[in-house]
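As structure tokens, the structure follows; a few thoughts come after it.
Both backbone and side-chain heavy atoms feed into the values below; hydrogens, waters and symmetry mates do not.
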Amino acid sequence: MSKEFEIAREFEVDATPEQVWDAVVDGSGGWLWPMEAPEPHVGGRGPFGSRVTAWDPPHRYGNRVADAEGVSGQTLNALDFTVEPREGGRRAWVRYVHSGIFTDDWDNQYDGASRHTDFYLHTLRQYLTHFAPRPVAFSTFDGPEASRAADAFTAVGRALGLADDTGAGAVVEVTGPEAAGPFEAVVDYRTPYFIGLRTDHALIRFFGRNRWGAPVGISVHDFAPGADAGADEAAWRGWLDEVYTRP
């Protein structure tokens, strides 16, 4: 049965309102995924066939779409960002609201959307604090069918070389793709369903979507000069495939 939902979050970040605005409307590849920039006026076209519902740079942006292109399980999707200056404009306060209508399996969809929201907004703060406005090479993909298993995400953490109790803030040596060799990273996010790694030049995100019946996924936001999204995907896809073929 169709049912409305709303997910609201507030946070402060060490970035100006203008930097937050740029990340939201034109820099989403640095923390979410690349999207077409919205037309700069209310009523203009936004991502995924949406329409801009609020446009007040750098303080308010919103969009809304019914029957979103490429979005299953929803008949309405709306996003709203409110940004206010703090400390004389050196910092920003952000309120984010995601609302709409889920059409089936409401509890599961809401749980997944809510938990993903926390991870994505954390990644936004990491991007603003460490990498913005550097250009990004972005890649994302799903693991093989075996990564849908109930314990599939546990295998990801262990394959990276993380102990089960390694938490956010730890500096670790990561066992990544063979061609890259071991590398140092900060574990910037860790829950039973998500792992975030930050290196000097990248944000690497691991999604335990097996909890919600989907394959495990990886996204790579690579800010290194000359970064190659295709090479990043090939390397990490091969790594993830190997995780689920090991005896």
Side-chain angles (χ1 to χ4, degrees), residues 9 11-14 30-33 111-132 134 136-224 227 229 231-247:
R9 300 288 189 268
F11 60 89
E12 290 193 16
V13 62
D14 285 322
W31 60 279
L32 188 60
W33 54 75
D111 181 64
S114 181
R115 294 180 190 272
H116 277 75
T117 292
D118 291 333
F119 192 30
Y120 286 137
L121 294 180
H122 171 82
T123 303
L124 170 59
R125 295 192 292 276
Q126 291 287 299
Y127 167 65
L128 287 166
T129 302
H130 298 282
F131 297 108
R134 289 161 60 177
V136 64
F138 174 78
S139 55
T140 189
F141 55 91
D142 291 334
E145 189 65 22
S147 69
R148 294 178 184 266
D151 61 347
F153 199 60
T154 300
V156 169
R158 292 174 180 172
L160 289 169
L162 305 182
D164 291 347
D165 61 352
T166 301
V171 178
V172 297
E173 184 173 271
V174 175
T175 306
E178 183 175 355
F183 61 91
E184 185 175 280
V186 175
V187 180
D188 66 87
Y189 197 89
R190 183 88 190 264
T191 75
Y193 318 112
F194 304 101
I195 297 171
L197 299 179
R198 187 186 75 243
T199 72
D200 290 341
H201 61 79
L203 293 169
I204 310 169
R205 324 318 267 168
F206 302 85
F207 300 85
R209 296 189 175 117
N210 54 311
R211 172 183 170 85
W212 300 283
V216 167
I218 298 179
S219 292
V220 180
H221 309 264
D222 193 339
F223 304 95
D232 286 341
E233 177 175 343
W236 279 103
R237 184 187 290 276
W239 178 91
L240 190 59
D241 286 346
E242 185 181 350
V243 168
Y244 297 106
T245 57
R246 294 171 184 168

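Considering only residues two or more places apart in sequence or on other chains, E173 meets the salt bridge (charged side-chain N to carboxylate O under 4.0 Å, His left out) condition with none of them. With sequence neighbours left out, the side-chain contact (heavy atoms from CB on, under 4.5 Å) criterion links D111 to R115, R211, W212. Partners of H201 according to the side-chain contact (heavy atoms from CB on, under 4.5 Å) rule, which considers only residues two or more places apart in sequence or in another chain, are R134, T199, D222, A224. D188 meets the salt bridge (charged side-chain N to carboxylate O under 4.0 Å, His left out) test with R205; sequence neighbours excluded.
In this structure, the separation between CZ on F11 and CG on L124 is 5.0 Å, given to the nearest 0.5 Å. The CG atom of L160 lies 8.5 Å from the CD1 atom of I204; values are rounded to the nearest 0.5 Å. To the nearest 0.5 Å, the span separating CZ on F207 from OG on S219 amounts to 4.0 Å. With rounding to the nearest 0.5 Å, the separation of CZ in F223 from CG in L203 is 5.0 Å.
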| field | Test side chain to side chain contact (heavy atoms under 4.5 Å, CB included) applied to V13 and T129, step by step | value | CA-CA 8 Å; V13 62; T129 302; 4.2 Å; yes
*Begin with the C-alpha distance, continue with both residues' side-chain angles, and end with the deciding distance and a verdict on side chain to side chain contact (heavy atoms under 4.5 Å, CB included) for V187 and L197.*
CA-CA 5 Å; V187 180; L197 299 179; 4.0 Å; yes
In sequence, state the C-alpha distance, the side-chain angles, and the governing distance for E233 and V220, and then conclude on side chain to side chain contact (heavy atoms under 4.5 Å, CB included). CA-CA 8 Å; E233 177 175 343; V220 180; over 6 Å; no
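Of the options W33, F194, Y127, a ring-ring contact (aromatic ring centres under 6.0 Å, His included) to Y120 is made by W33 and by none of the others. Of the residues W31, F138, F131, the one that meets the ring-ring contact (aromatic ring centres under 6.0 Å, His included) test with H221 is F138.
Screening residues 168-190 for ring-ring contact (aromatic ring centres under 6.0 Å, His included), with sequence neighbours left out, gives F119-Y189, H122-Y189.
Between the side chain of H130 and the main chain of Q126, no donor-acceptor pair closer than 3.5 Å is present. Distance alone, capped at 3.5 Å, is enough to place a donor-acceptor pair between the T140 side chain and the I218 backbone. A side-chain donor-acceptor contact under 3.5 Å links R190 to the backbone of T166.
Across all their heavy atoms, R209 and D142 have their closest contact at NH1-OD1, 4.2 Å. For the residue pair N210 and S147, the shortest heavy atom distance occurs at CB-O, 3.3 Å. The minimum heavy-atom distance linking G143 with L240 is given by the pair CA-CD2, 3.5 Å. The heavy-atom pair separating P144 from P215 by the smallest distance is O-CB, 4.2 Å.
A salt bridge is absent between R125 and D14; no separation between the charged side-chain nitrogens and carboxylate oxygens falls under 4.0 Å.
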Throw together a table of side-chain donor-acceptor distances under 3.5 angstrom for residues 148-157, partners on residues two or more places apart or in other chains.
{"from": "R148", "atom 1": "NE", "to": "E145", "atom 2": "OE1", "distance (Å)": "3.2"}
{"from": "R148", "atom 1": "NE", "to": "E145", "atom 2": "OE2", "distance (Å)": "3.0"}
{"from": "R148", "atom 1": "NH1", "to": "G213", "atom 2": "O", "distance (Å)": "2.5"}

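Contact of the E242 side chain with the P177 side chain is not registered, since no non-hydrogen atoms from C-beta on lie closer than 4.5 Å.
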